[in-house]
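Right, one structure below, let's go through it.
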Amino acid sequence: MPVNHQKNIIEIKNLSFAYRENIVLKDVNLTIHQGDYLGVIGPNGSGKSTLLKLIVGLLPKQNGEILLFGEPIDKFKKWHKFGYISQRAINFDFLFPATVTEVVAMGRYNQASLFNRTKQTDKNLIEQALRNVDMWDFRDRLIGDLSSGQQQRIFIARALCSEPEVILLDEPTVGVDISAQEKFYTLLKKLNQELNLTLIMVSHDMEAMAKEATELACVNQNVTYHSDPQACIRGDFLQKLYGNSSNIIFHRH
Amino acid sequence: MWSIFNYDFIIRAIEAGLLIALIAPMLGIFLVLRRYSLIADTLSHVSLAGVAIGLLLNINPIITALGAAVLASLSIERLRLSKKIYGESALSIFLSGSLALAIVLISYSHGFNVNLLNYLFGSIVTVRPTDVYIIGLLSIIAGVLLMIFFRQLLFISFDEEAAQVSGLKIKLYNSLFMVLSAIIIAISIEIVGVLLISALLVLPVITALQFKKSFKLTLLIAELISVFSMITGLLFSFYFNISSGGTIVLTMLTIFILTTLFKKISD
């Protein structure tokens, strides 16, 4: 499938969101195109995760518009096109009795794949997904016995299994050690460039995002969009985003 | 030894007991993994109020227990979703409220004609012939529903948010799960007793979890423990004329302790 970078996958118009009186997002406008690798950055509590949750419908929309593949979110039904890896996914119950294969198979449990499935397609998709994230050899291990970097790859495989077009990740590298993080970024690049998946990733690691992502959305109640992440990092924009008083420490590895 | 099968009531108890033992871990594994064990306790107390109503109105107590438990399960789910009170508070309101109702009804009618202890702790003599049919029918319904929706319940238990994003209707599955819990608890009340039902659902699963196996294998181990404990418990109950709920749960507890000890030694 050729990637059409002009095609709008997600359109957000004048979106606002408040937890009770607390305004988290205000008049957000953002368009995400097919094949984008969008890094969503911003200070703690800036509304990054809220934005992601609104896009996937985990939070109810209050004001504004969200269009997914051209359809208003309330009418959207093709949720199998979205893979979501939550922060909670990383903090799952380590004693949960499930093997890697059982976890990845969950990606086949949604409506769309339930009525349109054979055991063999399921099996093939699971194997393909595990091979794509380089974890096929771990298929019979318990998920709780893996390192957090490996678990992260399994969650990616689970998302791949539902044959999505977009994968959304909420702070996936928290608690993952540096060398595993690098492998993880390599994997994401492969998903974006070879498998043509659109990626939206919330992260507090601005430097990594500026390097890895092809677009940046800087969130602090509203969203500033940058189609050139490197320029964004070089300019004084981040100072504005985080306030002049804060020190931004870049750690180079 | 085989004289046991000359008694109709023990055959009925074994038939009903086996159905319950087979279905309990299928529900219990989700109760344990979702930290929902208290729901089983609450619904079993609600069932007791249902039993009291049934005895008072002269209706089969399994039917009234089922009605009460299903009604309560849906109300608890609603109350929790409204977020006006904490989920656990919703449970304790129902637990103590229904126990209070049961006690009032029972003392009002001067203890009925049956032994209340039978419903609290379980007894093999309470299972009447029609009960076996009701238990059979309900456990088939619950079992089939659990098998159909097993994978979705597993996904929701493991990662509710990702399951929701993938398109699963979480509210629907949670309500279904609550109703299934109500059914299984209502049919278990005669043999295991109100106070011990949650142990029946939870203990075999907790024991099976010690083996650290895949989900399927964990469930299979829990099934084996559940069925073995049910038969052993019923036989003890018959030969020594003691409460079946007590003997079944003690058998399960013994297996749990032995497993933990064995794991400790082998590590």
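None of the values given here were measured: they were computed from a predicted structure. Protein chains get the first letters and strands the later ones, always in sequence-line order, with residue 1 at the start of each.
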For the [atom1] atom on [X], are there more than 12 heavy atoms of other groups (residues, nucleotides or ligands in this structure) within a distance under 6.0 Å?
X        : atom1 : result
B/Phe228 : CZ    : no
A/Gln62  : CD    : yes
A/Lys183 : NZ    : no
A/Lys123 : NZ    : no

Donor-acceptor pairs under 3.5 angstrom involving side-chain atoms of residues 54-61 of chain A: please list them, not counting sequence neighbours.
| residue | atom | partner | partner atom | Å |
| --- | --- | --- | --- | --- |
| A/Lys61 | NZ | A/Gly64 | O | 3.2 |

So, taking the atom named [atom1] in [X] and the one named [atom2] in [Y], what distance separates them when rounded to the nearest 0.5 Å?
X        : Y        : atom1 : atom2 : value
A/Lys81  : B/Ser166 : NZ    : OG    : 15.5 Å
B/Gln152 : A/Tyr109 : CD    : OH    : 8.5 Å
B/Arg151 : A/Glu102 : CZ    : CD    : 12.0 Å
B/Leu168 : A/Trp79  : CG    : CH2   : 12.5 Å

Tell me, side chain or backbone of A/Val103 under 4.5 Å from chain B's heavy atoms, or both, or neither?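 A/Val103 touches chain B through side-chain heavy atoms alone.
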
Output side-chain donor-acceptor pairs under 3.5 Å for residues 205-225 of chain B, partner residues at least two apart or in another chain, one line each.
| residue | atom | partner | partner atom | Å |
| --- | --- | --- | --- | --- |
| B/Thr207 | OG1 | B/Leu203 | O | 2.8 |
| B/Gln210 | NE2 | B/Ile206 | O | 3.2 |
| B/Ser214 | OG | B/Leu217 | N | 3.2 |
| B/Thr218 | OG1 | B/Lys213 | O | 3.3 |
| B/Thr218 | OG1 | B/Ser214 | O | 2.6 |

Below 4.5 Å from any heavy atom of chain A, which atoms of B/Arg34 appear? Answer side chain, backbone, both or neither.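 Neither part; nothing is under 4.5 Å.
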
Pair B/Phe155, A/Arg108 - check side-chain contact (heavy atoms from CB on, under 4.5 Å), show working. CA-CA 10 Å; B/Phe155 195 2; A/Arg108 302 294 304 156; over 6 Å; no

With side-chain contact (heavy atoms from CB on, under 4.5 Å) as the test, would you mind laying out the steps for B/Leu154 and A/Phe96 before giving the verdict? CA-CA 11 Å; B/Leu154 171 61; A/Phe96 201 100; 3.8 Å; yes

